Amino acid sequence: MRKPRAAEPATDEPADAEEIARYAVAEAVWAPSVHNTQPWRFVSDGRQLSLYADAERGLPVADPDGREMMISCGAALFNVQLALRSLGYIPETRVLPDPGQPALVAQVSWRRRAPASEFEQWLASQVHQRRTHRGAFDPEPLPHGTLAALRDSAARDGATLYIMADDRRRAVLATAVETAERAHRLDAERVREMARWAPPPGSVRDDGVPVTSYPAQPERTDPYFPGRDFAHGHGWGMPPLSSARLPRAAGVVGLLTTASDRRVDWVNAGRALQRILLTASTCGAAVALHSQPLELPWLREYIRTQVSDGAYPHLVLRIGMVIQAADSVRRDPNDVLLALGGGYAGSERR
Ligand SMILES: Cc1cc2nc3c(=O)[nH]c(=O)nc-3n(C[C@H](O)[C@H](O)[C@H](O)COP(=O)(O)O)c2cc1C
């Protein structure tokens, strides 16, 4: 969608509120979400945008508490805030503002203005470029200062990004991912649930994980962090970019955590995640995500006590340099935005 005219701090003339809300939602939908479920809906009312979790798009088997759904919504919330900043507005955000409406994740309003910083504009420019990486990385190191910037990104939203500097913790996380992945593949209910979000080649769906976004052959890394079996044995996926037969780099391994484990922490973890992903993207780095072991309560507890010093883990990240060819899909923003008084902004809701 075309970006609305940036706010002019020198004048009092506001840009059209509906146009701004549409723009913010068009940016929000490019947030990452578990299995690309895109579990969100938006309602705009003047200069306020409400973000709701869409339980119909939840994963009752893999994510019964809705933690990953809230992380996904938190990532979308970050994009809304960033879109407003890029237009020169200061977002005022209330997270989980109404205990009587648990699906209401956040309300964001905008009135005051301040020009976006250069860094905010860089982050905003990555929203459509960034893709989840699946596989190994090139051997070249991350640009100087990247990890410090990523740690700082997490801290700004009240989360912590642990970087696994020692081999023991890296190996523990790799084993946890592999153990969980094996367990998931043997769990018929989980396999069925994931298959619903992993459409076959040629699909015209605008959600789920398309075959253009993962490799047909799992790429071995050292240590090995197996990816999800989106192709569920059909051999779907992209041809390999590298002909290397030896294991390639797993990248720098990180763990995103929060000090407590309330719903608000999950939303904050999502905001932190998206800030991390976009910051990495500005540094030319890509990130692979592994939530497999965090979906098994006993393994999550093991990681919490053995790896993250008691902090609650949400996602394993692998960060590295690679040329990416992955592509993803999103629903039309008009299908997820209800303008009060105007119905869904575009075609009928599915
Ligand atoms: C909470 C959460 C958990 C995720 N877990 C995984 C995972 O275990 N494996 C994976 O390959 N991608 C994972 N992803 C990435 C999503 O699959 C990805 O964001 C989605 O398919 C959209 O693709 P994009 O990020 O390239 O736009 C996760 C994303 C989120 C927000």
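We count ligands from 1, going down the list as the structure has it; atoms in each ligand are counted the same way. Small disclaimer: the values here were computed from a predicted structure and weren't measured.
- Residue Ser33 places at least one N or O, backbone or side chain, under 3.5 Å from an N or O of ligand 1.
- Between His232 and Trp236, the angle of the ring planes goes over 60°, which puts this pair in the perpendicular group of the 30/60° scheme.
- Ligand 1 has an N or O atom lying under 3.5 Å from an N or O atom of Thr132, backbone or side chain.
- Counting only heavy atoms of the protein, atom 4 (C) of ligand 1 lies nearest to Ser291 OG, 3.5 Å.
- Residue, atom and distance of the protein heavy atom nearest to atom 27 (O) of ligand 1 are Arg330 NH2, 2.6 Å.
- Taking a 4.0 Å cut-off on heavy atoms, Arg130 registers as neighbouring ligand 1.
- Looking at His133, its side chain does come within 3.5 Å of a backbone N or O of Ala136 through a donor-acceptor pair.
- Less than 4.0 angstrom separates some heavy atom of Arg131 from each of these atoms of ligand 1: 24 (P), 26 (O), 27 (O).
- Annotation: atom 23 (O) of ligand 1 to nearest protein heavy atom, Ser328 OG, 3.4 Å.
- An N or O contact shorter than 3.5 Å is missing between Ser72 and ligand 1 by distance.
- The distance criterion of under 3.5 Å between nitrogen or oxygen atoms is met by Leu289 with respect to ligand 1.
- Side-chain N or O atoms of Arg318 include none that pairs as donor or acceptor with a backbone N or O of Val253 at under 3.5 Å.
- Ranking protein heavy atoms by distance to atom 30 (C) of ligand 1, first place goes to Val34 N, 3.6 Å.
- For atom 12 (N) of ligand 1, the nearest non-hydrogen atom from the set Arg134, Arg228, His35 belongs to Arg134.
- Ring orientation note: the planes of Phe230 and Tyr214 are tilted relative to one another, at an angle of 30° to 60°.
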